[in-house]
Amino acid sequence: MALTVRFRTHPAREGVTMSTEQPGVTGPQSGYRADSLAAAARQAPDGTAVRLAGRIMLWRRMGGLVFGHLQDRSGRVQVSLSRNDLGEETVKEWSRSVKIGDFAGVAGQMYTTRKGERTVAVSELTVLNRTARALPDKWAGMSNVEARYRRRYLDLLVNAESRERFETRIRIIRSIRRFLEDNDFLEVETPILQEAASGAAARPFVTRHNTLGEDFYLRISPETLLKRVVVGGFDRVFEIGRNFRNEGMDSSHLQEFTMLEWYAAYWDYRDNMAFVREMIITVLDDVIGSRTITYGGTKLDFGASWPEVDYRTEVARRTGIDLRVVRDLPALRERVVGLGLDVGAAPSYAGLVDLLYKKTVRPDLIQPCFLLHHPAELVPLARRSDSDPTQLDSFQVVVNGWEIVKAYSELIDPVEQRQRLDEQTALREAGDDETMMMEEDFIEAMEYGMPPMSGLGIGIDRFVALLTDAPTLRDVVLFPTMRGTKGQTAGDASTDGIASTDSTAS
RNA sequence: GCGCCGCUAGCUCAAUUGGCAGAGCAGCAGACUCUUAAUCUGCGGGUUCGGGGUUCAAGUCCCUGGCGGCGCACCA
């Protein structure tokens, strides 16, 4: 029932603005054992003995009576020190020894104050560690966006909505994993360092492997590796992991993002449509408790049937351009320019088709829908439709103008696969830097025999952002990529700027 | 990459036309036995993002650099 070791000035507070000298400051403690959580204590009947550890978020001294709030992973509970229980000297000493932001262990009994707040009447108090810096304002919190991203720990500590958003992210991923495991999917891990960046149309990051003396790519997709696992007989697999794309960043794109991909042998894209819809509804029921959500003020109804929209039919309806007729780059470019769209470089037919769709169709796809049958040029790893080889057995789930899911029946014919990747190589040589790279190892695996299958990818960050009404993907990632801070405090900006430009090759 | 906006105490924000850089919270010292953004008295706290310029005088005006947000462009 006492503060044990103490010394006048804690080293962590030397030279920090918070304090000069203070009585009864203890050093860091170890071995404190708590047996209760704040949330459980709040529910316990009066008289229940509790033993808690957490961070002090509020500390009000009123002479012989002190109120504070102790926060742990479950939430907050009020604690109090009373002269009646502890005596004048003890209250004085303990109340002066605690600062907002310090970690404390307390033991005592639950009671209810006159104003009805559940409170721990403290009989033991141990300061477990000090804060050397002041926490953000208890009322205003921390609203500076840059500070919230760079020092996320403070955002989590003082902004309840931020903490709740990340708790929801965790529950969503847990629910997804449970759903897949309940359906016999096996979770696997494939490499992030890859010899060839494939599985998507995107520019990769390059990194250096010192021991092998080679450059590697950070994966842009796990697709071809997961298919190789299926060749090996794991015929329902999934991976939740990071992909890296060296491209623009905005509220719906991150360079480093979390992707779920799964592959199921003997399924086709229609099987995946039904399955992913069931999964999304299950997650909504589990985590949100509703099949309707509000994003940015717009109601999104996942419970209603999801309309099926044919890619080329919809493009034709909105633009008058029939992609079944307009089949080559110069003709398409002429028609797209005729619409008044800026086509930019548009180095390939597929790229221009994609641009046309993204400009004219996708922004209007707000309610959940299936977008079916991409033109065959767009995805070199997908199976062509039997009924029409110029289109794919593919679909996307589009919500809020965002592509959330992309899936197709997989191409499993090694001869056609080689031919279609050769076409990619030709486009690359013609200047398109987002084509897929040839992977001989992948073709070889396919030559050993690949079962008919359908795979699916879902952007976890976008899905979480939708379900938590987050305006930007950066709000659902703990530490979003930020420009470095080196050089921010450089004494001479001009020379330092030149020096850092010269050294960026490293 | 382009455009607009922002950057002042640990946090949230003020500062008139260019005229002594302030408040609340937090911190320190003190009062106070039911607080709820507690209240009251006193005290300390600044590279106003960095560098340069104009001026008797710059947080404020000009140039330049940094970082961030938003929009556009790019981007499955």
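Every heavy atom of this structure was used, including side-chain atoms; hydrogens, water molecules and symmetry mates were not. Every value quoted in this text rests on a predicted model; they were computed, and no experiment measured them. In what follows, chains carry the letters A, B, and so on, assigned in the order in which the sequence lines appear, proteins first and then strands, with residues in each chain numbered from 1.
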What's the closest nucleotide to the side chain of E146(A) if the choices are rC67(B), rA73(B), rG30(B)? rC67(B)
Does the side chain of M437(A) come within less than 4.5 Å of T425(A)'s, by heavy atoms? no
Euclidean distance, atom CG of residue D155(A) to atom C1' of rC11(B) [Å, nearest integer]: 13 Å
Pairwise P distance for rC25(B) and rG42(B), with rounding to whole Å: 13 Å
Under 3.5 Å, is there a donor-acceptor pair between the side chain of R219(A) and the main chain of R242(A)? yes
Considering only the C1' atoms, how many Å lie between rA26(B) and rU12(B), rounded to the nearest integer? 11 Å
Can you tell which of rU33(B), rG68(B), rU36(B) lies closest to the side chain of T113(A)? rU36(B)
Provide the distance between the two P atoms, one in rA58(B) and one in rC67(B), to the nearest whole Å. 28 Å
What class does the angle between the rings of W306(A) and F370(A) fall in, given that below 30° is parallel, 30 to 60° is tilted and above 60° is perpendicular? tilted
Y357(A)-Y311(A) aromatic ring centre distance below 6.0 Å: yes
Atom pair distance, as rounded to whole Å: NZ in K138(A) and C1' in rA26(B): 8 Å
NZ/NE/NH1/NH2 to OD/OE distance under 4.0 Å, K99(A) and D102(A): no
If you look at every strand shown and take non-hydrogen atoms under 4.0 Å, does G457(A) touch a base, only sugar-phosphate, or nothing? nothing
State whether the side chain of N159(A) and the backbone N or O of S162(A) hold a donor-acceptor pair below 3.5 Å, judged by distance alone. no
If only side-chain N and O atoms count, and only distance matters, is there a donor-acceptor pair under 3.5 Å linking Q78(A) with T119(A)? yes
When you compare rC49(B) with rC7(B), how far apart are their C1' atoms, in angstrom units rounded to a whole number? 6 Å
Between rG6(B) and rU60(B), how far is it from one P atom to the other, in whole Å? 13 Å
Assign R151(A) to base, sugar-phosphate, or nothing according to its heavy-atom contacts below 4.0 angstrom with the strands shown. sugar-phosphate
M142(A) side-chain proximity, nearest of rU12(B), rC75(B), rA26(B): rU12(B)
Give the dot-bracket string for RNA chain B, reading 5' to 3', where a pair is Watson-Crick or G-U wobble with both distances under 3.5 Å, ( ) marks pairs inside the strand, [ ] marks pairs crossing earlier ones, | marks a partner on another strand, and . marks unpaired. (((((((..((((.....[..)))).(((((.......))))).....(((((..]....))))))))))))....
Within the 4.0 Å heavy-atom criterion, would you say R245(A) contacts the bases, only the backbone, or no part of the nucleic acid? sugar-phosphate
Between Q396(A) and G64(A), whichever has its closest RNA chain B nucleotide further toward 5' is G64(A)
Separation of rA29(B) P from K99(A) NZ (nearest whole Å): 6 Å
Spacing of the C1' atoms in rG18(B) and rA57(B) (rounded, Å): 8 Å
Side-chain donor/acceptor of R55(A) to backbone N/O of Q71(A), under 3.5 Å: no
Check this one for me: any side-chain N or O of R133(A) less than 4.0 Å away from OP1 or OP2 of rG10(B)? no
Under the side chain to side chain contact (heavy atoms under 4.5 Å, CB included) test against L456(A), which residue among F238(A), F395(A), Y408(A) passes? F395(A)
Tell me whether E314(A) is salt-bridged to R362(A), with the criterion being a basic N under 4.0 Å from an acidic carboxylate O. no
Tell me: CZ of R150(A) to P of rG69(B), nearest whole Å? 9 Å
If you compare every side-chain N and O of K359(A) against the phosphate oxygens of rC74(B) (OP1, OP2), does one of them come in below 4.0 Å? yes
Classify N144(A) by what it touches in the nucleic acid, base, sugar-phosphate, or nothing, heavy-atom distance under 4.0 Å. sugar-phosphate
Can you work out whether P471(A) or E117(A) has the more 5'-proximal nearest nucleotide on RNA chain B? E117(A)
Sugar-phosphate, base or nothing in reach of V379(A), heavy atoms under 4.0 Å: base
Within the sub-3.5 Å range, which N or O atoms of nucleotides 40-42 of chain B have a protein N or O partner, and how far apart are they?
none

Under 3.5 Å, is there a donor on one side chain and an acceptor on the other for Q109(A) and T48(A)? no
How close or far is atom C1' of rA26(B) from atom CZ of R55(A), stated in whole angstroms? 14 Å
Atom pair distance, as rounded to whole Å: CH2 in W139(A) and P in rU36(B): 12 Å
Check if the side chain of D250(A) and the base of rC74(B) share a donor-acceptor pair of N or O atoms closer than 3.5 Å. yes
Roughly how far apart, to the nearest Å, are rC28(B) and rG10(B) at atom P? 16 Å
For a quick check of understanding: with a heavy-atom distance under 4.0 Å over all strands, which category does L154(A) fall into, base, sugar-phosphate or nothing? nothing
Has the side chain of D137(A) got a donor or acceptor that lies under 3.5 Å from a partner of the other kind on the base of rG10(B)? no
What's the NZ-P distance between K92(A) and rA31(B), to the nearest Å? 5 Å
Considering only atom P, compute the distance from rG45(B) to rG24(B) and round it to an integer number of Å. 16 Å
May I ask you to say what S143(A) touches in the nucleic acid, namely base, sugar-phosphate or nothing, with a heavy-atom cut-off under 4.0 Å? sugar-phosphate
Round to a whole Å and report the spacing from CZ of R148(A) to C1' of rC7(B). 17 Å
Tell me whether K227(A) is salt-bridged to E223(A), with the criterion being a basic N under 4.0 Å from an acidic carboxylate O. yes
Check every strand shown and say whether R474(A) touches a base, only sugar-phosphate, or nothing at a heavy-atom separation below 4.0 Å. sugar-phosphate
